[in-house]
Amino acid sequence: MGCLSCHRIIYFDILRILATLGVMILHISAQNWDSISVTSFQWQTFNFFDSIVRWTVPIFVMISGAIFLDGDIIIKKIYKKNILKIITAFIFWSTLYGLLALNQGTSVKNVCVQVIRGHYHMWFLFMIVGLYLIVPLVKKIVESPVLTKYFLALALIFSFIIPQILTILTYVSKTFENAINTGIENINLQFTAGYIIYFVLGYYLSKTDISKQIRYIIYVLSILGFAITILGSSLISVRTNEPNSTLYGYFTLNVLMESLGLFVFFKYNVVSIKISGKMQIIITKLSNYSFGAYLVHAMVIEQLNNIFGLNTLSFNPILSVFAITFIVFVVSFLVSYICNHIVLLKKYIV
């Protein structure tokens, strides 16, 4: 979530804010996702909201890739500025979440384990540090357009298409699925697996001029991706009579299509909108506060439930998701705003 350059690209800022909001919606809609009947109106509502924001993490990673793989790479700066800040932020916030758990009756042993692992949403920090560590290596790939396309092609085949086929085969024949899966594992093509795909894709899309015709195709595929996530998750869950998150995965073709469409849409359409100087300042500030808001939002969600008993089952699920999201967004960004105006906290934890 850091930045190597002070140069601002407005659609990155807007996407970062929307992705932060999307993560809040995702975690709020997931609050009671697995505790109620999949045939209920409440569950179907939560599935809808959860499905339409599955692009959030891929978009975060794509923005980081577009920024970190652009320009000169200074390894010392990455470690000193970006990685160090994420480590100190993790230690601070993980400890704070641990203390809250201790106050709520969690044993000291379990709290220590939680502090080491981090709160459920802090897995992102581990992942992004891993990507920062290999920036100098990945930079060598993206310096060559041919290598970049080759990398993305391998990633598409081995990390999206084949796994999706294997998932479908689980519903057809477990024997075939196991046989193919064994073969793929033996190839051991880990280099093009994981979030590095979105990292490289973000850079590639930010630097590539995409024709209108291709853009329209991408938008149609994106809409299809959203539809598959929503309807597919609902149908599978109802059929199995239990919540199914298979199509929520960040390495499914439907989520890839969602993420691809949104990134391209904002790249080509934000520039056509007249944004006043004052609005640009607001967008920039909110973007800067998004890291802190991301770190604190889970705490706000939990405390609303623990202290006030406010959760997505408190009243109509549509209204509850909107209302809780609004509260969480405002409080989280307010906390981040305050932290960003305290020099030491701004430098090390937000």
Side-chain angles (χ1 to χ4, degrees), residues 15-61 97 118-124 127 222-252 254-259 261-262 286 290 293-333 335-336:
L15 278 172
R16 189 179 289 112
I17 296 166
L18 290 177
T20 305
L21 173 63
V23 167
M24 294 174 183
I25 294 173
L26 189 155
H27 291 151
I28 290 166
S29 60
Q31 195 174 29
N32 293 292
W33 178 85
D34 60 351
S35 62
I36 56 177
S37 171
V38 295
T39 59
S40 66
F41 172 69
Q42 289 95 328
W43 190 89
Q44 293 295 334
T45 301
F46 301 150
N47 172 61
F48 173 81
F49 281 112
D50 206 331
S51 296
I52 63 172
V53 292
R54 300 312 300 184
W55 48 269
T56 52
V57 168
I59 286 291
F60 273 137
V61 178
Y97 277 101
H119 205 57
Y120 68 82
H121 67 304
M122 297 177 73
W123 69 271
F124 183 87
M127 179 268 289
S222 182
I223 294 170
L224 180 62
F226 280 107
I228 291 172
T229 311
I230 298 167
L231 299 176
S233 297
S234 176
L235 291 172
I236 295 172
S237 297
V238 170
R239 180 183 176 185
T240 59
N241 200 33
E242 62 180 5
N244 187 295
S245 60
T246 300
L247 293 174
Y248 289 173
Y250 298 127
F251 299 102
T252 55
N254 48 291
V255 171
L256 172 64
M257 291 189 293
E258 291 181 17
S259 309
L262 279 170
L286 286 175
S290 63
Y294 176 90
L295 291 169
V296 76
H297 83 276
M299 186 183 301
V300 180
I301 294 172
E302 291 168 2
Q303 295 311 307
L304 284 175
N305 185 40
N306 295 336
I307 298 175
F308 302 103
L310 181 60
N311 61 67
T312 51
L313 294 179
S314 296
F315 45 95
N316 181 287
I318 299 175
L319 296 177
S320 67
V321 171
F322 276 114
I324 296 172
T325 298
F326 176 77
I327 296 170
V328 172
F329 184 88
V330 172
V331 174
S332 298
F333 273 89
V335 171
S336 184

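We number each residue from 1, following the sequence as shown. It should be emphasised that the depicted structure is a prediction, and the values quoted were computed from it without experimental measurement.
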Side chain proximity check, T252 to R54, heavy atoms < 4.5 angstrom:
no
Min side-chain heavy-atom separation V57-W123 under 4.5 Å
yes
Looking only at side-chain N and O atoms, does H297 offer a donor or acceptor that is under 3.5 Å from a partner on H27?
yes
Stepwise side chain to side chain contact (heavy atoms under 4.5 Å, CB included) check, N47 with I230:
CA-CA 7 Å; N47 172 61; I230 298 167; 4.3 Å; yes
OG of S233 to CG of N254: how many Å apart, nearest 0.5 Å?
7.5 Å
Please determine which of F322, W43, W33 meets the ring-ring contact (aromatic ring centres under 6.0 Å, His included) test together with F49.
F322
Are any of the side-chain heavy atoms of L262 and F226 separated by less than 4.5 Å?
yes
Nearest 0.5 Å please: distance from the OG atom of S290 over to the CG atom of L15.
11.5 Å
Hey, could you give me the CD1/CD1 distance between I324 and I28, rounded to the nearest 0.5 Å?
6.0 Å
Any W55 side-chain heavy atom under 4.5 Å of T229 side chain
no
Is there side-chain contact between L295 and F124, with at least one heavy-atom pair below 4.5 Å?
no
Determine whether L304 and N311 make a side-chain contact, defined as any pair of heavy atoms from C-beta on separated by less than 4.5 Å.
no
Donor-acceptor pair, distance only, cut-off 3.5 Å: does the side chain of D50 make one with the backbone of F46?
no
Close side-chain approach of V238 and Q44, heavy atoms under 4.5 Å
yes
Between Y97 (side chain only) and Y120 (backbone N and O only), is there a donor and an acceptor less than 3.5 Å apart?
no
Which value, rounded to the nearest 0.5 Å, describes the distance between N32 atom CG and N305 atom CG?
7.5 Å
Side-chain contact test, heavy atoms from C-beta onward, threshold under 4.5 Å: evaluate it for V335 versus M299 and give yes or no.
no
